[in-house]
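Proteins get letters first, then strands, A, B, ... in listed order; numbering begins at 1 in each.
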Protein chains: 2
Amino acid sequence: MEVEPSVRVTIDDVARAAGVSRQTVSRAMNGKGEISAATRRRVLATIEELEYRPSVFARGMRTRRAGTLGVILSDIANPFFPAVARGVFDAAAAHGFSVVVHNTDAHAGRESAAAREILEGGAEGVIGFFEALGDEELVALHRRLPLVVADRRAPAPTVASVSSDFATGTRLAVEHLHARGHRHLGMLDGAVGVDHVRRHAFAAAAAPGSPIVTGPPTITGGAAAAAQLLGEHPEVTALVAFNDLMAVGAIRALRERGRRVPDDCAVVGHDDLTLAADLDPPLTTVHTDKYELGRTLVETLDAVVRARRDDTGATPAPEPRLLPATLVVRGSA
Amino acid sequence: MEVEPSVRVTIDDVARAAGVSRQTVSRAMNGKGEISAATRRRVLATIEELEYRPSVFARGMRTRRAGTLGVILSDIANPFFPAVARGVFDAAAAHGFSVVVHNTDAHAGRESAAAREILEGGAEGVIGFFEALGDEELVALHRRLPLVVADRRAPAPTVASVSSDFATGTRLAVEHLHARGHRHLGMLDGAVGVDHVRRHAFAAAAAPGSPIVTGPPTITGGAAAAAQLLGEHPEVTALVAFNDLMAVGAIRALRERGRRVPDDCAVVGHDDLTLAADLDPPLTTVHTDKYELGRTLVETLDAVVRARRDDTGATPAPEPRLLPATLVVRGSA
DNA sequence: CTCCCGTCCGTGAACGTTAACGTGATGGTT
DNA sequence: AACCATCACGTTAACGTTCACGGACGGGAG
């Protein structure tokens, strides 16, 4: 077994081997400028033969592009994100991008730090599930780097956004509970985001004055919020939770207080996690296609990147996208 | 609102503003070479003032380091991975690394493609949950780039590895089932990996000839495997699943056949996913600290990277790490 | 026959940083 | 007084690629 020389094969090596100049090799790879089909083939063959791979550093130095794209989210361990992340990864790979992920725990400081790092890393653009940063910061970021915001309304007409239609989803949940005869609903809202789409949809669809308690969008957060809400409003017989984790927490809290789900109190969540159907009871929840959300985010970002490449400055406003949400009725409501 | 000039502020700008040379600015940042505390402070101040950020491209061109580290796994949407990914992200951030993730779906081609891309991206090292690649390929990869393999035995003494102690975990599961009076066990093995730690541990601890059926490590895979196993071996009253997803699938299949869990047939999984305690029935499963696994992987990789920096070539063999596994007894067994 | 234009390709420079080396000042030793 | 080590910093070159030019060649129009 021979020892690998491990010396980098550069574009000059290829040029020498193919009997052309550096620039011609570059042209053969990137398809820019005029080059005959014959020499192009020949150069490509020698590239293959020498196993030449262009240096991302040298290339990035000239082009300022790294071929990567950044994703900012609060916590990849939250089971909502992995599914959308998978969609992002797949679509990004299809477009030739690598993906860099940053977890922020919904801290404004870490969100902007992540954005800065992505910016300095030479990424082509950013996909952001921002929960703490204000609209001004996002607009400022978008001035420096193509940005697509996820599950949040566009901070300005110039910024693209892709969201799940949780407004409709929450309304469907409330209507379903009404249809089942529930008169006193309560909501467990997640202490995240600046949009409060679910909260507003709930407030609009439920009876006026229906109680809303806010907590961290986790199991324990849901348990605490449910305990508080039911303590203050014992008449409530149905809970709408910000996400499935909070719904699970609510179910736990309900059980601890001796109330049965759904007989004594119904619970409906949001997200439709992988295991939602296997919970006890099977969770009634608002379903969205998380993989598709990830895919759409990348497609949208790619469009924005492409648009900015040509038209420096006054970027045209991309149409905000809204992905459908449906209610999946199972055992918990 | 003034338009951002958007011209890059370079190290020369800082040098000029601080009244020193480029090299001194570099020294002030990187702490290499001799520099007085006074000028260092002054340079750092002007860096702050001008908001100078070094170009990763230019820096990478000289140093060949990008400050990133690659993670190769089969599918981030598999709920096992997000928890360990979070550990990786946090530890990586603490060490000043960015993280690039590649999904391979356990395809050998995509595993090596991911490795190659990470290599070309100038990453400092790779953390790999390899399931398809052979030991030789891993050793070859390790020659080009610091590598730590996860949940797999080291392909060679020179390669570091960190694994969960599933051998013990599976044995604990089998012993628990025996103690509960089960005489006929079966195993649902995942069609992944080259190690088969869980399978071998099951074969060693269970009665000779206990049936083992293999399938994809997913819910549907577990359902299909369970259906097949129970069809061929109706006497089996307890199943050990490769992971929690397969366990859930098994429970589904059991129910479809009218068998109650755990009364007619017990089920124990591996991983202890976030929602394992809230399933119906609450899942008895082998628990490991996935976040800690991620953290340890990064720490180990950092050690390997550091070791290689000094001692080019004959890298010292790092000690394989084994993280403890415990059995969490809940309702399914 | 000359001119011009399009096609194809080569040459020099530049991107921003760090490695390697060089230089002057300072202070201590012989 | 001469020397040398050490410190603190500056100068030059190089990393590998693409961009902006410019030149050679062939063919068609005048």
Side-chain angles (χ1 to χ4, degrees), chain A residues 5-44 46-47 50-68 96 119-122 124 309-310 312, chain B residues 5-44 46-47 50-68 96 119-122 124 309-310 312:
Chain A
S6 186
V7 288
R8 200 174 212 325
V9 29
T10 75
I11 199 173
D12 281 305
D13 299 327
V14 177
R16 218 175 349 254
V20 296
S21 74
R22 282 199 298 273
Q23 182 59 22
T24 302
V25 178
S26 176
R27 276 191 276 255
M29 291 189 301
N30 305 329
K32 296 197 166 189
E34 308 284 352
I35 186 175
S36 76
T39 49
R40 183 186 159 85
R41 262 196 306 277
R42 185 158 45 95
V43 170
L44 256 34
T46 36
I47 285 179
L50 299 186
E51 293 186 0
Y52 162 74
R53 308 288 166 201
S55 156
V56 292
F57 298 121
R59 170 171 291 175
M61 197 146 173
R62 290 295 312 191
T63 64
R64 300 219 177 294
R65 305 188 191 294
T68 87
L119 185 66
E120 292 164 15
E124 316 272 332
R309 233 196 284 277
D310 312 326
T312 317
Chain B
S6 185
V7 289
R8 200 174 209 329
V9 31
T10 76
I11 199 173
D12 281 304
D13 299 327
V14 177
R16 218 174 352 254
V20 295
S21 73
R22 282 200 295 275
Q23 181 60 20
T24 301
V25 177
S26 175
R27 275 191 278 255
M29 291 189 302
N30 304 329
K32 296 198 166 190
E34 308 284 352
I35 186 174
S36 76
T39 50
R40 180 186 161 85
R41 261 196 308 275
R42 183 159 44 96
V43 170
L44 257 34
T46 39
I47 284 180
L50 299 186
E51 294 185 1
Y52 162 73
R53 309 289 166 201
S55 154
V56 292
F57 299 121
R59 170 173 290 176
M61 198 144 171
R62 288 294 311 189
T63 63
R64 300 215 176 298
R65 306 189 190 294
T68 87
L119 186 66
E120 291 163 15
E124 316 272 333
R309 234 195 284 276
D310 312 327
T312 317

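- Put simply, B/Arg64 has a side-chain N or O that comes within less than 4.0 Å of OP1 or OP2 on D/dG16.
- With sequence neighbours excluded, the residues forming a side-chain hydrogen bond (donor to acceptor under 3.5 Å, both in side chains) with B/Thr39 are B/Ser36, listed by chain and number.
- Looking only at side-chain heavy atoms (C-beta outward), B/Arg59 and B/Asn30 come within less than 4.5 Å of each other.
- The CG-P distance, from A/Asn30 to D/dG16, rounds to 17 Å in whole Å.
- Inter-residue side-chain proximity for B/Asp13 and B/Arg16 is flagged as met; some heavy-atom pair is nearer than 4.5 Å.
- Between A/Tyr52 and A/Met29, the shortest heavy-atom distance links the atoms CE2-SD, 3.5 Å.
- Side-chain contact check for A/Leu119 versus B/Arg53: every heavy-atom pair is 4.5 Å or farther apart.
- Contact record, A/Gly122 with B/Phe57: CA-CZ, 3.9 Å, taken as the closest heavy-atom pair.
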| B/S/- contact track for nucleotides 4-10 of chain D, protein heavy atom under 4.0 Å | ---SBBB

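- If you take CZ of B/Arg62 and P of D/dG16, they are 10 Å apart, rounded to a whole angstrom.
- Bounding nucleotides for the chain A contact on DNA chain C, 5' to 3', at a heavy-atom distance below 4.0 Å, are C/dC8 to C/dG16.
- For the OP1/OP2 pair of D/dT18 and a distance below 4.0 Å, the side-chain nitrogens and oxygens of A/Ser26 include at least one atom meeting the criterion.
- In this structure, CD1 on B/Ile47 lies 7.5 Å from CD1 on B/Ile11, to the nearest 0.5 angstrom.
- Taking atom CZ of A/Arg8 as the reference point, atom C1' of D/dC15 lies 10 Å away to the nearest angstrom.
- Taking CD of A/Glu124 as the start and OG1 of A/Thr63 as the end, the distance is 7.5 Å to the nearest 0.5 Å.
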